[in-house]
**Student:** 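Got a structure for you, written out below as structure tokens; questions coming shortly.
In this text the structure is predicted, and so the values were computed from the model without any measurement.
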Amino acid sequence: MASDATTAVPSPGPGQEGTAPARARAEERRSRRYRRDMRWSPYALIAPFFVFFAAFGLFPLLYTGWASLHQVELTAPNDMTWVGLRNFSRLLSDDFFWNALRNTFTIGVLSTVPQLLVALGIAHLLNYKLRGSMFFRVAVLTPYATSVAAATLVFVLLFGRDYGMINWALGLVGFDPVDWQNGSWTSQLAVSTIVIWRWTGYNALIYLAAMQAVPVDLYESAALDGASRWQQFRHVTIPALRPTILFTTVVSTIGATQLFGEPLLFNGAAGATGGSDHQFQTLGLYLYEQGWVNLHLGRASAIAWAMFLILLLIGAVNWLVSRALRKGETS
């Protein structure tokens with residue numbers, strides 16, 4: 001017999017009224033917190049960088065620019081006298097500034113060109129399957145890990161006039177001893193050698209990483225066409241490395257513009273003068289001499305901004321060359 005009884009629905013017990021709306025509100029709160037977290041967490045994670053950059057990068061830059069417009073001494077940094085652009089105009093007629101700029105350019109060329117050429121050759125050798133290749137990769141990076149002071153002091157001994165190993169080796173082949181520290185070109189060549197020794201391995205690893213990103217199919221196609229190893233290097237590797245070569249050239253040029261430690265320690269007795277006749281005084285040394293030896297903080301600030309403008313010019317040239325290379329690749 002059919003039953004007229006209906007299925008009974010249990011009624012909510014005590015304390016269970018409104019459970020579903022409460023759960024919905026809790027889910028909504030969690031959803032809002034999640035959306036806020038996804039939106040603002042990246043900013044919170046990168047905020048420490050910008051805080052430190054503003055405190056130790058942006059503020060010193062702006063304050064240096066303000067100080068460059070004043071006559072101010074390091075002994076009384078709060079006593080400023082407005083002089084406008086006089087500190088900059090004095091640089092244009094300052095023979096020591098132009099000498100430092102010329103030395104910076106010369107040392108930059110003497111160090112950057114051989115450094116990048118040797119680094120490219122080392123990277124090409126390391127790109128092959130060598131036994132113990134990891135050891136050689138670590139070994140070429142060792143000079144970069146050496147401190148500037150330690151490396152420079154060792155090279156000072158090597159380039160010593162009376163007891164240096166370089167002059168000893170030159171004497172074996174019949175050359176007279178060279179006064180490396182007091183000569184104009186010889187001192188710049190010696191300082192450039194220190195820079196080459198320290199940074200060649202670093203650039204070699206950058207080139208090696210770029211070489212390993214070159215597709216193997218390009219080399220196989222070149223080999224099938226009868227290209228030798230040298231032809232593959234010229235027509236496959238070098239074109240693929242153009243952006244990397246441009247990057248290392250710009251970075252090395254910026255480093256040469258800011259060169260300070262090597263020339264300062266190369267002739268410790270001369271201090272910031274860069275030799276007895278300022279023969280290897282760079283812009284960094286001249287800035288240090290004006291600000292911390294002569295105590296002219298306003299002039300030193302003007303030199304710092306002049307260096308900053310030079311770096312901006314280098315960056316602009318880098319952008320123009322990169323743009324030209326991209327247009328050449330797409331055309």
**Student:** Applying side chain to side chain contact (heavy atoms under 4.5 Å, CB included), name anything that partners Met211, two or more places apart in sequence or on another chain.
**Tutor:**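 So Met211 forms a side chain to side chain contact (heavy atoms under 4.5 Å, CB included) with Leu120, Ala123, His124, Asn127, Phe233, Thr237, Leu241.
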**Student:** Over 60° means perpendicular and under 30° means parallel, so tell me whether Trp66 and Trp82 are parallel, tilted or perpendicular.
**Tutor:**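 Ring orientation of Trp66 relative to Trp82: tilted.
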**Student:** Tyr144: what forms a side chain to side chain contact (heavy atoms under 4.5 Å, CB included) with it, not counting sequence neighbours?
**Tutor:**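 Expected list: Leu141, Trp199, Tyr202.
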**Student:** Between Thr142 and Ala139, is there a donor-acceptor pair closer than 3.5 Å when you use the side chain of the first and the backbone of the second?
**Tutor:**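 At least one qualifying donor-acceptor pair exists.
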**Student:** Checking Thr248 side chain against Ile245 main chain: does a donor-acceptor pair fall under 3.5 Å?
**Tutor:**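 Yes: the side chain of Thr248 pairs with the backbone of Ile245.
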**Student:** Using side chain to side chain contact (heavy atoms under 4.5 Å, CB included) as the criterion, list what pairs up with Leu320, not counting sequence neighbours.
**Tutor:**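 For Leu320, no residue satisfies side chain to side chain contact (heavy atoms under 4.5 Å, CB included) once neighbours in sequence are set aside.
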**Student:** Would you name the heavy atoms of Ile196 and Ser111 that are closest together and state the gap between them?
**Tutor:**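 For Ile196 and Ser111, the tightest heavy-atom pair comes out as CG1-O, 3.5 Å.
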**Student:** In terms of relative ring orientation, are Tyr286 and Phe97 parallel, tilted or perpendicular, with 30° and 60° separating the classes?
**Tutor:**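 Judged by the thresholds at 30° and 60°, the geometry between Tyr286 and Phe97 is tilted.
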**Student:** Using distance alone, with no hydrogens and no angle criterion, decide if Tyr207 and Thr244 have a side-chain donor and acceptor under 3.5 Å apart.
**Tutor:**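 Thr244 and Tyr207 do not have a side-chain donor-acceptor pair below 3.5 Å.
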**Student:** Using the ring of each side chain (for Trp, its six-membered ring), is Trp305 parallel, tilted or perpendicular to Phe308, with breaks at 30° and 60°?
**Tutor:**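 Because their plane-to-plane angle is over 60°, the rings of Trp305 and Phe308 count as perpendicular.
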**Student:** Minimum heavy-atom separation for Ser276 and Asn182, please, with both atom names.
**Tutor:**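 Closest heavy-atom pair between Ser276 and Asn182: OG-OD1, 4.0 Å.
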**Student:** Of all the heavy-atom pairs spanning Ile310 and Leu101, show the shortest one and how long it is.
**Tutor:**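 Taking every non-hydrogen atom into account, CD1-CD1, 3.8 Å.
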**Student:** Can the ring centres of Tyr43 and Trp40 be said to be less than 6.0 Å apart?
**Tutor:**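 That pair passes the under 6.0 Å test.
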**Student:** Say whether, by atom type as modelled, one donor and one acceptor occur between the side chain of Gln279 and the main chain of Gln181 under 3.5 angstrom.
**Tutor:**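 Between the backbone of Gln181 and the side chain of Gln279 there is a qualifying donor-acceptor contact (under 3.5 Å).
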**Student:** Counting only heavy atoms not in Tyr219 (residues, nucleotides, ligands), do more than 12 fall under 6.0 Å from its OH?
**Tutor:**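 Counting neighbours around OH of Tyr219, more than 12 heavy atoms of other residues, nucleotides or ligands fall under 6.0 Å, so yes.
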**Student:** Tell me every residue that passes side chain to side chain contact (heavy atoms under 4.5 Å, CB included) with Val250, counting only those two or more places apart in sequence or in another chain.
**Tutor:**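 Partners of Val250 by the side chain to side chain contact (heavy atoms under 4.5 Å, CB included) criterion, ordered by chain and then number, come out as Leu246, Ile254, Ile314, Asn318.
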**Student:** Does any N or O in the side chain of Asp179 come within less than 3.5 Å of the main-chain N or O of Arg161, such that one atom is a donor and the other an acceptor?
**Tutor:**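 Pair absent, no side-chain N/O of Asp179 close to backbone of Arg161.
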**Student:** Please give me the minimum heavy-atom distance between Asn87 and Ala302, naming the atom from each residue.
**Tutor:**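 Distance-wise, the nearest heavy atoms are CB-CB, 3.7 Å.
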**Student:** Ring centres of Phe280 and Phe266 under 6.0 Å apart?
**Tutor:**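 Yes, the ring of Phe280 comes within the 6.0 Å limit of the ring of Phe266, centre to centre.
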**Student:** With sequence neighbours left out, what residues match Arg86 under side-chain hydrogen bond (donor to acceptor under 3.5 Å, both in side chains)?
**Tutor:**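 Residues passing side-chain hydrogen bond (donor to acceptor under 3.5 Å, both in side chains) with Arg86: Gln71.
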**Student:** Can you see which heavy atom on Tyr288 is nearest to which on Ala272, and at what distance?
**Tutor:**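 Nearest heavy atoms, Tyr288 then Ala272: CD2-CB, 3.5 Å.
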**Student:** If I compare all heavy atoms of Ser192 with all of Leu110, which pair ends up nearest, and what's the gap?
**Tutor:**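 That would be OG-CB, 3.3 Å.
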**Student:** Under the 3.5 angstrom rule, does the side chain of Gln258 hit a backbone N or O of Gly284 as a donor-acceptor pair?
**Tutor:**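 No, the answer is negative, given that no donor and acceptor are paired below the 3.5 Å cut-off.
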**Student:** Under 30°, 30 to 60°, or over 60°: which ring-plane class applies to Phe96 and His278, parallel, tilted or perpendicular?
**Tutor:**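 Taking His278 first and then Phe96, their aromatic rings sit tilted (interplane angle of 30° to 60°).
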**Student:** Backbone N or O of Thr249 within a donor-acceptor pair of the Ser252 side chain at under 3.5 Å?
**Tutor:**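 Judged by distance alone, no pair lies under 3.5 Å.
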**Student:** For Asn103, give me all partners under side-chain hydrogen bond (donor to acceptor under 3.5 Å, both in side chains), at least two apart in sequence or on another chain.
**Tutor:**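 Only Gln188 meet the side-chain hydrogen bond (donor to acceptor under 3.5 Å, both in side chains) criterion with Asn103.
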